[in-house]
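The structure under discussion appears below in the form of structure tokens.
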Amino acid sequence: MAQHFVLSLAVAVALAGSVFAQASGVMDRPVTVDYYYKAKWGYADEFLRLFLKNHYPVLKKQKEKGNILQIQIVKPRYHATEDGRWDYRVTLVYRNPAAMLSGPLGEAEMRQLYPDKTVFEREEQRRFEILLAHWDVPIEPVEPEQR
């Protein structure tokens, strides 16, 4: 189940990136995307633990390969209304739209990071079970001087 969700998410991100790249007309400019995660009440710490164990190493590997330029993880200092609440925002700056569309790591790289595939899949399933919502927001800078 988690694999299907991850695959669907990757396709959605790829489509958003493709639209963004075509609309901007700039293929070599870095692309910034904010990824928001909202966990069930009381499960934000567990979500972060699983994220850092199972997804962050993939992001770091993509950074080592040069596809990702910057990784930032933040959480809000104070709470918000339930409908506007999010627990973690991960901001990724990709080298360019092609790097964003390159997708996750290959099977050999994943096997190297996670030799016990069963444990990895079980923990990823758990990470998505405790997630209430997740959304991706490709963002563009606004140049006030050019407006």
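In this text, all values refer to a predicted model and were calculated from it rather than measured experimentally. For reference, positions follow the sequence shown, starting with 1.
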Exercise. Kindly say whether Tyr36 contributes a backbone atom to a donor-acceptor pair with the side chain of His134 at under 3.5 angstrom?
Key: yes
Self-check item: N-O pairing of Lys53 and Glu123 below 4.0 Å
Solution: yes
Quiz prompt | Expected output: side-chain Asp87 to main-chain Ala39 donor-acceptor under 3.5 Å | solution = yes
Exercise. Would you name the heavy atoms of Ala99 and Ser102 that are closest together and state the gap between them?
Key: O-OG, 2.7 Å
Practice problem: Find the distance between OG1 (Thr91) and CD (Gln72) and round it off to the nearest 0.5 Å. | Solution: 5.0 Å
Quiz item: So, the side chain of Tyr114 versus the backbone of Asn54: is there a donor-acceptor pair under 3.5 Å, distance only?
Solution: yes
Practice problem: Answer yes or no: are there more than 12 heavy-atom neighbours, outside Asp45 itself, under 6.0 Å from its atom CG? | Solution: no
Quiz item: Could Glu46 and Lys40 be called an ion pair, given the rule that one side-chain N must be under 4.0 Å from one carboxylate O?
Solution: no
Exercise. Grab the two heavy atoms, one from Leu132 and one from Arg85, that are nearest each other, plus how far apart they are.
Key: CD1-NH2, 3.7 Å
Quiz item: Do the charged groups of Lys60 and Glu64 touch, with an N to O distance under 4.0 Å?
Solution: no
Exercise. Would you please test Tyr56 and Ile73 for side chain to side chain contact (heavy atoms under 4.5 Å, CB included) and show each step?
Key: CA-CA 10 Å; Tyr56 185 66; Ile73 302 172; 4.1 Å; yes
Quiz prompt | Rounded distance [0.5 Å steps], CG in Leu105 versus CD in Gln62 | solution = 5.0 Å
Quiz item: Which value, rounded to the nearest 0.5 Å, describes the distance between Asn96 atom CG and Asn67 atom CG?
Solution: 8.0 Å
Quiz prompt | Side-chain touch Tyr94/Leu101, heavy atoms, less than 4.5 angstrom | solution = no
Quiz item: In Å, rounded to the nearest 0.5 Å, how long is the span from CZ of Arg49 to CZ of Arg126?
Solution: 9.0 Å
Quiz item: Would you say Tyr88 and Ile130 are hydrophobically clustered, going by side-chain heavy atoms of ILVMFWY under 4.5 Å?
Solution: yes
Quiz prompt | Pairwise distance CZ(Arg127) to CG(Leu48) - rounded to 0.5 angstrom | solution = 10.5 Å
Practice problem: Using a strict 4.0 Å threshold on nitrogen-to-oxygen distance, state whether Lys117 and Glu107 make a salt bridge. | Solution: no
Practice problem: Would you check if His55 and Leu59 make a side-chain contact, meaning some heavy-atom pair closer than 4.5 Å? | Solution: yes
Self-check item: Lys38 and Glu82 ion-paired at < 4.0 Å
Solution: yes
Exercise. Give the cluster check for Val93 versus Ile139: same hydrophobic cluster or not, with ILVMFWY residues linked at side-chain heavy-atom distances below 4.5 Å.
Key: no
Exercise. Establish whether Phe128 and Met110 are linked, either directly or via other cluster members, by ILVMFWY side-chain heavy-atom contacts under 4.5 Å.
Key: no
Practice problem: Could you check if a side-chain atom of Glu140 sits within less than 4.5 angstrom of a side-chain atom of Arg29, using non-hydrogen atoms only? | Solution: yes
Quiz item: What do you reckon, is NZ of Lys75 surrounded by more than 12 foreign heavy atoms closer than 6.0 Å?
Solution: no
Quiz item: Given the rule that I, L, V, M, F, W and Y join up when any side-chain heavy atoms are under 4.5 Å apart, are Phe51 and Tyr35 in one cluster?
Solution: yes
Practice problem: Determine whether Val119 and Leu113 fall in the same hydrophobic cluster, where Ile, Leu, Val, Met, Phe, Trp and Tyr are linked whenever their side-chain heavy atoms lie under 4.5 Å apart. | Solution: no
Practice problem: Please tell me if the side chains of Val33 and Met100 come closer than 4.5 Å, counting only heavy atoms from C-beta onward. | Solution: yes
Quiz prompt | Crowding at OH, Tyr43 (>12 non-hydrogen neighbours, <6.0 Å) | solution = no
Quiz item: Under 30°, 30 to 60°, or over 60°: which ring-plane class applies to Tyr37 and Phe47, parallel, tilted or perpendicular?
Solution: tilted
Exercise. Test Asp34 against Asp136 for side chain to side chain contact (heavy atoms under 4.5 Å, CB included), laying out the working first.
Key: CA-CA 6 Å; Asp34 285 337; Asp136 310 331; over 6 Å; no
Self-check item: Nearest atoms (heavy-atom pairs only) where Met27 meets Pro97
Solution: O-CD, 3.2 Å
Quiz item: Under the side chain to side chain contact (heavy atoms under 4.5 Å, CB included) criterion, do Trp86 and Val74 qualify, and how do the steps go?
Solution: CA-CA 10 Å; Trp86 52 271; Val74 299; 4.3 Å; yes
Quiz item: Going through the distances and angles, do Thr32 and Leu92 end up as a side chain to side chain contact (heavy atoms under 4.5 Å, CB included)?
Solution: CA-CA 6 Å; Thr32 303; Leu92 301 179; over 6 Å; no
Exercise. Might you work through the salt bridge (Lys or Arg N to Asp or Glu O under 4.0 Å) test for Glu129 and Arg122, ending with a clear yes or no?
Key: CA-CA 10 Å; Glu129 285 172 356; Arg122 183 179 63 241; over 6 Å; no
